[in-house]
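Please read the structure below before turning to the comments.
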Amino acid sequence: GAGVSQSPSNKVTEKGKDVELRCDPISGHTALYWYRQSLGQGLEFLIYFQGNSAPDKSGLPSDRFSAERTGGSVSTLTIQRTQQEDSAVYLCASSSTPGQGYTGELFFGEGSRLTVL
Amino acid sequence: AQSVSQHNHHVILSEAASLELGCNYSYGGTVNLFWYVQYPGQHLQLLLKYFSGDPLVKGIKGFEAEFIKSKFSFNLRKPSVQWSDTAEYFCAVNAGAAGNKLTFGGGTRVLVKP
């Protein structure tokens, strides 16, 4: 697609339920990122995928959070047993890699707004 | 670990006023620096970036930023703001050892009154 696509755009769930958020990056981009944007908190890094390398999971806040990237393209962020503090906008971004027309720019999707009741 | 600080959380200006947003980072090595902007209801987009060379970087919409290595700063400026500059602005740093992972500051909400 022309840009980074995320779904759903809005998700309301009950505390304790599991949710899955999807990201479809720009075609050809090898790097994919998940960030979380909470009100007044800026952007919090969650996880980073680069090609076939092991992902950098250093930003995942707890073991309830996990992400995978299938076939080097689409990624799914899963939150198990959601809590109210998980409410935020989850942003996905993709970028090219040094040596492949790299510009250093991350291209962001519109985000998935998660509300946990 | 690298970190980015934006000292102003909220800024309110009148049109034609000058804008300067502070950004400081903590990392001793080579860095790439970015400013992103998020207009109301829109996704984040790149405003400008610094990799190397001239420390005064010009971006879109009349914005510029100056990298001062000795101060670990990358402040954003615009001489005369417009109502359409109302947005949230994020400074970000990509340190060499961290690869492409960007660390963002907390953001500054700018409101330009017409």
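Just so it is clear: chains get the letters A, B, ... in the order the sequence lines come, proteins before strands, and each one is counted from 1.
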Taking C-beta and beyond as the side chain, do Gln37(A) and Phe90(B) meet within less than 4.5 Å on heavy atoms?
yes

Close side-chain approach of Tyr36(B) to Glu105(A), heavy-atom, < 4.5 Å
yes

Atom CG of Asp54(B) with >12 non-hydrogen neighbours under 6.0 angstrom:
yes

Assess whether atom CD of Glu85(A) is packed by more than 12 heavy atoms of other residues, nucleotides or ligands within 6.0 Å.
yes

Hydrophobic cluster membership, Leu32(A) vs Leu106(A), 4.5 Å side-chain cutoff
no

Would a hydrophobic clustering, with Ile, Leu, Val, Met, Phe, Trp and Tyr connected at side-chain separations under 4.5 Å, put Leu21(B) with Val31(B)?
yes

Applying a strict under-4.5 Å side-chain criterion to I, L, V, M, F, W and Y, I'd like to know whether Val19(A) and Trp34(A) cluster together.
yes

Would you say the ring centroid of Phe104(B) lies under 6.0 angstrom from that of Phe45(A)?
no

Would you compute the distance between atom CD of Gln38(B) and atom CG of Leu91(A) and round it to the nearest 0.5 angstrom?
7.0 Å

The residue among Leu44(B), Leu102(B), Thr103(B) that forms side chain to side chain contact (heavy atoms under 4.5 Å, CB included) with Leu43(A) is Leu44(B)

